[in-house]
Amino acid sequence: MRPGLRLGMDAALRERIERAVETHALINAIKHEGEADLGAIMGPLMGEHPDFREYGDRIPEIAGPVVAAVNDLEHEARRARLEELDPEALAELEAEAEPETEHPLPELPNADAYDQIRMRCAPNPNGPWHLGHARMPAVIGTYKDRYDGWFCIRFDDTDPETKRPDLDAYDAILEDVAYLGFEPDAVYRASDRLELYYDRARELIERGGAYTCSCDAETFSALKNDGEACPHREKDPETVAAEFEAMIDGEYDPGEMVLRVRTDIEHKNPALRDWVAFRMIDTPHPRETASEYRCWPMLDFQSGIDDHEIGITHIIRGIDLQDSAKRQQFLYDYFDWAYPEVIHWGHVQVEGYGVPLSTSSIAALIADGDLDGWDDPRAPTLASLRRRGIRGDAIVEAMIQLGTSTSNVDLSMSTIYANNRERIDADADRYFYVREGERMPISDTDPIARPPIHPEYDRGTREIPVDDAVLVESDDLPAVGERVWLKGLGPVRRTDDGFVGTDDDIEAVRSGELSVIHWVPADASVSVTLRTPEGDVSGRAEPGLADVAPDEVLQFERVGFARIDTTDPEIVAYFAHP
């Protein structure tokens with residue numbers, strides 16, 4: 001509205017305000033099963049009807065009698081009236097009131113048989129976590145809360161060569177678990193537990209459950225596939241024990257000697273026949289406390305022993321690891337242990353990234369300079385999502401909804417974005433940000449625009465100087481002679497010389513006659529680099545953005561949500577999602 005014009009209110013506008021107030025009062029009263037609160041409905045009312053704001057000082061006197069009338073109605077009468085005014089709003093309220101649907105995570109098998117549910121998340125610390133890794137802590141952390149149970153992080157780091165641990169990954173993974181909202185009850189590093197594995201191997205040898213084998217890989221593979229016993233299988237326990245001690249002392253080269261678990265050499269599944277429990281590795285472990293060891297357990301042995309020693313009651317693992325449970329069952333039978341309950345699930349396919357969901361692939365892209373690091377916005381990592389302003393519990397909710405099916409499941413990033421939007425929208429202040437702006441001189445408008453800090457909550461307005469010119473995005477620029485509504489400022493027409501204010505009112509926007517576009521002052525705006533999964537974008541933002549502190553999440557109107565990363569020496573924001 002132009003300066004100097006009086007704010008009038010005709011009968012039609014007053015009737016529209018009364019009807020909107022009544023609708024919001026009915027929603028408020030029905031939702032809380034009590035009386036409507038005038039203060040509580042003002043924010044949503046103004047957010048839904050921005051044209052009411054210029055009459056803000058008069059609306060309470062209009063709304064008061066309407067709210068009082070709503071409060072005089074019985075609950076069923078309120079429902080009937082809301083169904084008449086806004087049936088969709090009533091349907092949404094009733095849907096919210098329905099009892100929760102069945103939990104996407106099934107009950108744990110035989111949970112009642114255990115005094116305490118104990119689970120483990122067992123990552124290989126060969127790099128920080130990508131998004132797929134979040135599924136395990138999300139699910140076991142949720143089960144812990146559901147059963148008042150216990151869970152640990154156990155770093156399965158007994159392969160210092162093929163899946164070599166990254167020393168920075170231990171802490172990075174624990175930070176990722178905390179980001180997701182969980183705190184483990186204990187943290188173990190398998191590389192600290194070699195002496196325990198040696199002791200259990202010695203006991204297994206005494207029980208006749210293991211033997212040392214010096215066959216080369218090709219020879220043993222042929223024997224195994226034919227269901228024939230290795231010639232070393234019948235060594236006496238004393239010889240096996242002595243050769244195993246020689247392995248521990250590092251007296252053999254890699255491939256020269258292994259310790260095998262004695263199973264069924266004619267088992268229908270060759271993968272289960274006399275599998276390797278320990279092998280020799282010359283590559284020193286990167287952790288100093290484990291760097292002197294050369295005899296290392298295979299994962300199936302190490303994990304099987306640890307699950308018993310730690311008291312794990314339920315294991316969740318990929319369906320591709322079904323043979324692990326079967327191999328470990330041989331160990332448990334030798335020791336007369338009860339095997340934990342096992343849930344197998346399919347893999348997660350994440351839609352929305354052009355980068356492979358693989359730690360080694362991401363590491364290679366970083367090494368080649370194609371990604372800036374693990375928190376590059378293009379990387380499908382938890383570090384990246386955290387830096388972009390995605391809440392950890394938004395990821396957890398999406399992972400929980402996948403359930404524990406044995407089928408492979410697809411996770412769309414849009415699901416995480418929708419979850420996150422619910423969590424951040426109410427607190428995210430609004431700002432204008434223009435990409436590839438076109439400079440347009442402007443005249444006959446207010447010298448200062450005052451758009452709301454948040455359109456749905458009464459948090460005041462922000463002041464944006466208009467000056468002599470504005471920047472608008474190229475795609476928003478109207479043709480000469482056409483009109484648009486500059487968001488938070490008002491209607492303008494494009495002329496040969498720039499923008500000129502007009503007398504159109506907000507009805508022109510509601511009717512679709514005028515489109516609404518965002519803008520920034522051409523000279524008072526600040527430079528901002530927006531880092532997105534598609535690459536960096538340069539642009540200008542309204543001057544008030546210079547006062548926003550790092551780590552704050554906001555919304556660039558008509559662009560999307562973003563997290564302020566740095567403000568000095570330049571403003572850099574990480575794009576979260578639309």
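Values below: every heavy atom of this structure, side chains too, minus hydrogens, waters and symmetry copies. As the structure is a computational prediction, the values presented were derived from the model and not from experiment.
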Under 3.5 Å, sequence neighbours excluded: what are the donor-acceptor pairs made by side chains of residues 63-70?
none

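- For D429, the salt bridge (charged side-chain N to carboxylate O under 4.0 Å, His left out) partners are R459, not counting sequence neighbours.
- In terms of the salt bridge (charged side-chain N to carboxylate O under 4.0 Å, His left out) criterion, E83 has no residue partners (sequence neighbours excluded).
- For R494, there are no salt bridge (charged side-chain N to carboxylate O under 4.0 Å, His left out) partners two or more places apart in sequence or in a different chain.
- Here F561 pairs with H577 under the ring-ring contact (aromatic ring centres under 6.0 Å, His included) rule; sequence neighbours left out.
- Side-chain N/O atoms of Y574 and R388 include no donor and acceptor closer than 3.5 Å.
- By the side-chain hydrogen bond (donor to acceptor under 3.5 Å, both in side chains) test, T406 pairs with no residue at all, sequence neighbours left out.
- Proximity of T529 to I571: side-chain heavy atoms (C-beta onward) are nowhere separated by under 4.5 Å.
- Every residue meeting the side-chain hydrogen bond (donor to acceptor under 3.5 Å, both in side chains) condition with S414, not counting sequence neighbours, appears here in chain and number order: S412.
- R79 pairs by the salt bridge (charged side-chain N to carboxylate O under 4.0 Å, His left out) definition with E76, E94, not counting sequence neighbours.
- Every residue meeting the side-chain hydrogen bond (donor to acceptor under 3.5 Å, both in side chains) condition with S525, not counting sequence neighbours, appears here in chain and number order: R540.
- In this structure Y179 satisfies the ring-ring contact (aromatic ring centres under 6.0 Å, His included) test with no other residue, sequence neighbours excluded.
- Not counting sequence neighbours, the partners of F556 by the ring-ring contact (aromatic ring centres under 6.0 Å, His included) test are Y433.
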All N/O donor-acceptor pairs, side-chain side in residues 468-480, below 3.5 Å, sequence neighbours left out:
from	atom 1	to	atom 2	distance (Å)
E473	OE1	R435	NH2	3.0
E473	OE2	R435	N	2.9
E473	OE2	R435	NE	2.7
E473	OE2	R435	NH2	3.3
E473	OE2	H518	NE2	3.3
S474	OG	E436	O	3.2
S474	OG	E438	OE2	3.3
D476	OD1	R558	NH2	3.3
D476	OD2	R558	NH1	2.9

